[in-house]
Colleague: 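Have a look at this one.
Labels below follow one simple rule: chain letters A, B, ... track the order of the sequence lines, proteins then strands, and each chain is numbered from 1.
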Number of protein chains: 2
Amino acid sequence: MKNKKGVTIYDIAQELKVSPSTVSRALKDHFSISKEMIKEVKKVAQKRGYRPNSIAASLRNNRTNNIGVIISWINRPFVSSLISGIEEEANKAGYNVIISQSHDSFDNEVANARALYDSRISGLVVSLAMETQSYDHFNPFIQNNIPVVFVDRVADEFNSDKVVIDNFAAAYMATEHLIEQGCQRIALACGSQYRNIYRERESGYLAALREYNIPIKDEYIVHSDSLNAQEGFRIAEYFLSMETPPDAIFSVNDTAAVSFIQYAKEKGIKIPEELAVIGFNNDPVSLIIDPQLSTVSHPAIEMGKLAAQQVLKQSQYKDVVKSEAIMLRTELLVRASTKRK
Amino acid sequence: MKNKKGVTIYDIAQELKVSPSTVSRALKDHFSISKEMIKEVKKVAQKRGYRPNSIAASLRNNRTNNIGVIISWINRPFVSSLISGIEEEANKAGYNVIISQSHDSFDNEVANARALYDSRISGLVVSLAMETQSYDHFNPFIQNNIPVVFVDRVADEFNSDKVVIDNFAAAYMATEHLIEQGCQRIALACGSQYRNIYRERESGYLAALREYNIPIKDEYIVHSDSLNAQEGFRIAEYFLSMETPPDAIFSVNDTAAVSFIQYAKEKGIKIPEELAVIGFNNDPVSLIIDPQLSTVSHPAIEMGKLAAQQVLKQSQYKDVVKSEAIMLRTELLVRASTKRK
DNA sequence: TTGTACGCGTTATCAG
DNA sequence: CTGATAACGCGTACAA
């Protein structure tokens, strides 16, 4: 009794001796259909196990119920939480979420964007790859009124919605905190300057040093394209084998910060007395490392939700080009790795 | 000059004064089309910026280029790595990946399955929710020849492809290792018995104890529906405030194991001398906690790749119902948290 | 080797 | 309030 070909609105129409249009409208509670008809249609639909064919609807409307997401690496706490937020909001509105990883490569990002475009997503959420410097691959979306919302790693040069945190303020706070703990030689482990988040954090760091009249030393600033654990150890080695090593390090992510602590512990360097370390993101590891890592909160789930909301909102108003930038607050989380006093 | 309505095969056909079907065929290198024609068509397609409308194709073929994934929580290292593997394999084959989280709730899982079914995915990868005991929500897929592949948390009762590890053997190894370290009172922190992975790990644990003639004590076995950090602390408190506390704990995940270590350290209990702790999964935290956590490797990316491959393979052979079970090897990773000798 | 014609399931438009 | 019809873009059986 299982219909190889699923039940369509035609089948229901036939059974009720009405037209398919009536069924179509009844199923979406169209105001022009009588209450009784709606009830009848839905009853039969239920009975026959009707499931709407969203592909057909998509073809007709030229848009799917899918939201695309391009992120760097899904297996990072910040990123997976971001996706979680996006998914929650999207599902609530009846949308599915298609994810794709750029692995921080520009070419991948371009390929992903194209694949998502081809699949007719009705909106896109992007956190840019480290390498990305050109944004042409997002033009097809804009030209076809498909909303593009950037999250966290955004493109200043590209006019579209953005959801970010105040990286400058956060970095300023973090650096100021180190200064208040009495640190004088504060190093910075930073990321690619192509990305706003790292540029802004560096600016915040520099501004704090200037504000407190602490000399800025180039050798205390390191840029890395991938602040992973391995790189973290490499940078730690560099800093801690200097003639005058820093007495504090501000790392723009927790992964590297944790490596700094591990390296220092290995070398018998006391934290935070001899070396204070502060990270960024509030990853789970920041509470596992001993001493616990001071860091800056990064409201991933909230950012994901807001990004999804923006996408959904924008996809309502066609032809309206008003781009919005949402900036969330972050918090300084002071823990043992910097608490000197 | 931008076409509001994208370029279609009709536009190309018109420009070349051939029929749409020729274009359609040429674009997929159909053998019946001449080399020159293929070249010409592709040239024009390129020039006009033609992008195939996969929705239209999907409607025709009644299947999309999307693979659905249902997992518990995306922001867990094992899960996000799993997705990463799925995504990589899927993309390679020109498929996109739609993810949805069950948050370990049965109702969510059912809703997600339905949403994915409605969106006409061409295959599904599932890691079951903790709560799930009935599998009827996967029947629509089977009935319509949409392959369903279970990963890690599988349904023994449901006939379909599976990708798993040898949980029994892994747990046996882990327990045996504790015994070899001289532990005599080995506790188990386990998960929901609805899920194969926890049942099997418990069996492995019990088998090892029996093999070595160590008495099995019920009070040394705890089951929790969500082995998160908070639960971990609760369980640690329970174990370590017993009259005769265990001298070792085997935790079926690293999250709880890490909490055990943290709790024990707080209480001044020496690890591994007074309490040996071993986890499961090889999460990043296992290398961050001090002492580093012994654990069992869990090849997440590999499992994801294999699951995706199974889905893709199955979606080729319609009407062939041959379900396969793939079992991957795991490794015991001995670290400081258990190394007594 | 190429063309014609129809159908996939839905929905918007227009007519009643 | 309801119905008929045309489209959305592509793929394919059938015809030439």
Colleague: Thinking salt bridges, do A/Asp104 and A/Arg153 make one under a 4.0 Å N-O criterion?
Modeller: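 Yes.
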Colleague: Quick one: list whatever passes side chain to side chain contact (heavy atoms under 4.5 Å, CB included) with B/Pro52, sequence neighbours left out.
Modeller: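 In terms of side chain to side chain contact (heavy atoms under 4.5 Å, CB included), with neighbours along the sequence ignored, B/Pro52 is linked to B/Tyr50.
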Colleague: Only counting residues at least two apart or in another chain, list the ones meeting side chain to side chain contact (heavy atoms under 4.5 Å, CB included) with B/Ser58.
Modeller: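 Side chain to side chain contact (heavy atoms under 4.5 Å, CB included) check on B/Ser58 returns A/Ile55, B/Thr64.
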Colleague: Side chain to side chain donor-acceptor pair (under 3.5 Å) with A/Asn66: which residues, sequence neighbours excluded?
Modeller: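 For A/Asn66, no residue satisfies side chain to side chain donor-acceptor pair (under 3.5 Å) once neighbours in sequence are set aside.
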Colleague: Find the bend of the helix from C/dT1-D/dA16 to C/dG16-D/dC1 as the angle between its two terminal axes (five pairs each), to the nearest 10°.
Modeller: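 That helix gives 40° between its end axes.
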Colleague: So, using salt bridge (charged side-chain N to carboxylate O under 4.0 Å, His left out) as the criterion, who are the partners of A/Lys39 when residues are at least two apart?
Modeller: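 Expected list: none.
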Colleague: Once side chain to side chain donor-acceptor pair (under 3.5 Å) is applied, do any residues pair with B/Asp156, and if so which ones, sequence neighbours excluded?
Modeller: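 For B/Asp156 the side chain to side chain donor-acceptor pair (under 3.5 Å) partners, ignoring immediate neighbours, are B/Arg199.
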Colleague: Near DNA chain D, under 4.0 Å by heavy atom, which residues of residues 28-37 of chain B?
Modeller: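 By residue number: B/Lys28.
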Colleague: What is the distance, to the nearest angstrom, from the CD1 atom on B/Ile55 to the C1' atom on C/dG9?
Modeller: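 My rounded result for the distance is 13 Å.
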Colleague: Which one, D/dA7, C/dG7, C/dT2, comes nearest to the side chain of B/Arg60?
Modeller: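 Nearest nucleotide to the side chain: C/dG7.
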Colleague: Quick one: side chain to side chain contact (heavy atoms under 4.5 Å, CB included) partners of A/Ala93, sequence neighbours excluded?
Modeller: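 Partners of A/Ala93 by the side chain to side chain contact (heavy atoms under 4.5 Å, CB included) criterion, ordered by chain and then number, come out as A/Tyr95, A/Leu312.
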Colleague: Taking only residues two or more places apart in sequence or in another chain, which ones pass side chain to side chain contact (heavy atoms under 4.5 Å, CB included) with B/Ala308?
Modeller: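 Testing B/Ala308 for side chain to side chain contact (heavy atoms under 4.5 Å, CB included), a comparison that skips the adjacent residues, returns B/Ile86, B/Glu89.
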Colleague: Write down the distance between CG (A/Asn61) and P (C/dT10), rounded to a whole number of angstrom.
Modeller: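 Taking CG of A/Asn61 and P of C/dT10, I get 12 Å after rounding.
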Colleague: Between N or O atoms, less than 3.5 Å apart, protein on one side and nucleotides 13-16 of chain C on the other: list the pairs.
Modeller:
from, atom 1, to, atom 2, distance (Å)
C/dT13, O4, A/Arg25, NH1, 3.3

Colleague: To the nearest Å, how far apart are B/Asp118 CG and C/dG9 P?
Modeller: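 In whole Å, C/dG9 P and B/Asp118 CG are 15 Å from each other.
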Colleague: Atom CD of B/Gln14 to atom P of D/dG9: distance rounded to whole Å?
Modeller: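 To the nearest whole Å, that distance equals 14 Å.
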Colleague: Which residues satisfy the ring-ring contact (aromatic ring centres under 6.0 Å, His included) test with A/Tyr135, sequence neighbours excluded?
Modeller: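 Applying ring-ring contact (aromatic ring centres under 6.0 Å, His included) to A/Tyr135 gives none.
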Colleague: Can you sort out the partners of A/Tyr117 under ring-ring contact (aromatic ring centres under 6.0 Å, His included), two or more places apart, ordered by chain and number?
Modeller: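 A/Phe141.
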